[in-house]
Chemist: 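Handing you a structure now.
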Amino acid sequence: MAQNDIKYLTPIAVDFKTKKYCRFKKSGIKYIDYKDGEFLKRFVNEQGRILPRRLTGTSLKFQKKVAQAVKRARHLALLPFVADNLKTNQ
Amino acid sequence: MLKQYETVFIMTPVLSDDQMKEAVKKFENILRDKGAEIVHQENWGLKRLEYQIQKKSTGFYQLFEFKAGPNVVDELELQYRRDEKIMRFLTVALDKDAIAYAEKRRTHKFGQKKENKPEPVFEYKPEPKFEAKFEPIVDIIEDIDLEQIKENKEE
């Protein structure tokens with residue numbers, strides 16, 4: 001009983017979710033360059049995997065382009081296929 | 001109508017600078033012979049690869065942008081495959097957004113890569129020293145007090 005009945009004197013801080021947005025739509029980028037490895041590293045996790053849309057907020061249209069660009073960059077060894085600590089090395 | 005393409009290839013780091021330039025010339029000539037119009041070319045120099053290719057961890061990168069009709073790409077890629085110096089290649093057709101981007105890229109950072117850009121020099125300005133002005137508060141109070149007291153007395 002006791003645990004459920006705890007009352008707080010001050011309201012508990014609840015984080016309000018900030019709405020995600022597609023950065024390409026917002027900044028008006030139309031073409032994603034596969035030659036810019038450093039830029040593409042933002043869409044890849046530490047192991048070198050492409051981050052899902054639900055984390056980055058990218059729209060479907062641009063997520064497809066990001067994926068295409070990352071795959072091209074990997075082919076040209078501008079991005080690794082697999083890595084450990086990709087972000088900490090920089 | 002001619003389509004615009006972009007091709008990037010990686011050459012082995014074993015080559016000397018002259019050999020590398022020769023190989024680049026060779027492919028430039030192949031493109032010219034096939035009637036392609038070279039719009040732009042870029043040499044990125046020796047770059048570190050993110051993973052090893054043919055047990056090499058570096059390579060010379062070269063980029064060509066060209067306008068060409070059909071069959072030129074097939075012929076170019078056949079030549080890439082035949083050449084031992086080429087470790088990797090990628091040819092992409094450019095759509096209209098990509099062409100716009102490529103033009104912008106050419107004008108903005110022609111010949112200079114992001115890494116080579118001189119960083120904006122940060123000028124260190126020493127903060128103006130905080131000079132505290134200590135006014136002899138006690139004296140003022142004493143003065144006021146004395147004056148007030150005098151005035152009070154006079155009244």
Chemist: With a 4.5 Å heavy-atom cut-off (strictly below), which parts of residues 53-73 of chain A touch chain B? List them by number.
Modeler: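 Hits under 4.5 Å: A/R72.
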
Chemist: Highest number of heavy-atom pairs under 4.5 Å with chain B: which of A/P80, A/A83, A/G37?
Modeler: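 Looking at each of A/P80, A/A83, A/G37 in turn, A/P80 comes out on top.
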
Chemist: Would you mind checking if B/E50 and A/R74 are paired as a salt bridge, meaning a charged N to carboxylate O distance below 4.0 Å?
Modeler: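 Salt bridge absent between A/R74 and B/E50.
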
Chemist: Starting from B/L76, can I reach B/L2 by hopping between I/L/V/M/F/W/Y residues whose side chains sit under 4.5 Å apart?
Modeler: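 Shared cluster, no.
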
Chemist: With a 4.5 Å cut-off on heavy-atom pairs, point out which of B/Y51, B/Y61, B/F89 contacts chain A the most.
Modeler: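 Of the options given, most contacts go to B/Y51.
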
Chemist: Chain B heavy atoms under 4.5 Å from A/L78: which part of the residue, side chain, backbone, both or neither?
Modeler: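 Contact with chain B: backbone and side chain both.
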
Chemist: What donor-acceptor contacts under 3.5 angstrom involve side-chain atoms of residues 66-74 of chain B, with partners at least two apart or in another chain?
Modeler:
none

Chemist: Verify the cluster assignment for B/Y101 and A/Y34: are they in a single hydrophobic cluster under the rule of side-chain heavy atoms below 4.5 Å apart?
Modeler: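 Shared cluster, yes.
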
Chemist: If Ile, Leu, Val, Met, Phe, Trp and Tyr residues are connected whenever their side-chain heavy atoms lie under 4.5 Å apart, and connections chain through other members, are B/M11 and B/I30 in the same group?
Modeler: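 Both belong to a single hydrophobic cluster.
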
Chemist: Side chain, backbone, both or neither: which part of B/L49 has a heavy atom under 4.5 Å from chain A?
Modeler: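 Both backbone and side chain.
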
Chemist: Quick check: closest heavy atoms across A/K30 and B/D97, and the distance to 0.1 Å?
Modeler: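 Result for this residue pair: CD-OD1, 3.6 Å.
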
Chemist: Is there a path of hydrophobic side-chain contacts, each under 4.5 Å between heavy atoms of I/L/V/M/F/W/Y residues, joining A/L79 to A/F39?
Modeler: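 Same cluster: A/F39 reaches A/L79 through Ile, Leu, Val, Met, Phe, Trp or Tyr contacts under 4.5 Å.
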
Chemist: Do other residues, nucleotides or ligands put more than 12 heavy atoms under 6.0 Å from the NZ atom of B/K26?
Modeler: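 Correct, the count exceeds 12.
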
Chemist: Shared ILVMFWY cluster between B/Y5 and B/V24, side chains joined below 4.5 angstrom?
Modeler: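 B/Y5 clusters together with B/V24.
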
Chemist: Looking at B/E84, I want to see if its CD is surrounded by more than 12 non-hydrogen atoms of other residues, nucleotides or ligands under 6.0 Å.
Modeler: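 No, not enclosed.
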
Chemist: Donor-acceptor pair, distance only, cut-off 3.5 Å: does the side chain of A/Y31 make one with the backbone of B/I99?
Modeler: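 Not confirmed, A/Y31 side chain does not pair with B/I99 backbone.
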
Chemist: With rounding to the nearest 0.5 angstrom, report the CG to CZ distance, A/D36 to B/R105.
Modeler: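 Spacing of CG (A/D36) from CZ (B/R105) equals 8.0 Å.
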
Chemist: So which residue, B/L63, B/I10, B/V92, B/D95, ends up with the most heavy-atom pairs under 4.5 Å with chain A?
Modeler: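 Of the options given, most contacts go to B/V92.
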
Chemist: Please confirm whether the backbone N or O of A/A77 pairs with a side-chain atom of B/R88, one donor and one acceptor, at under 3.5 Å?
Modeler: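 Answer holds: no.
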
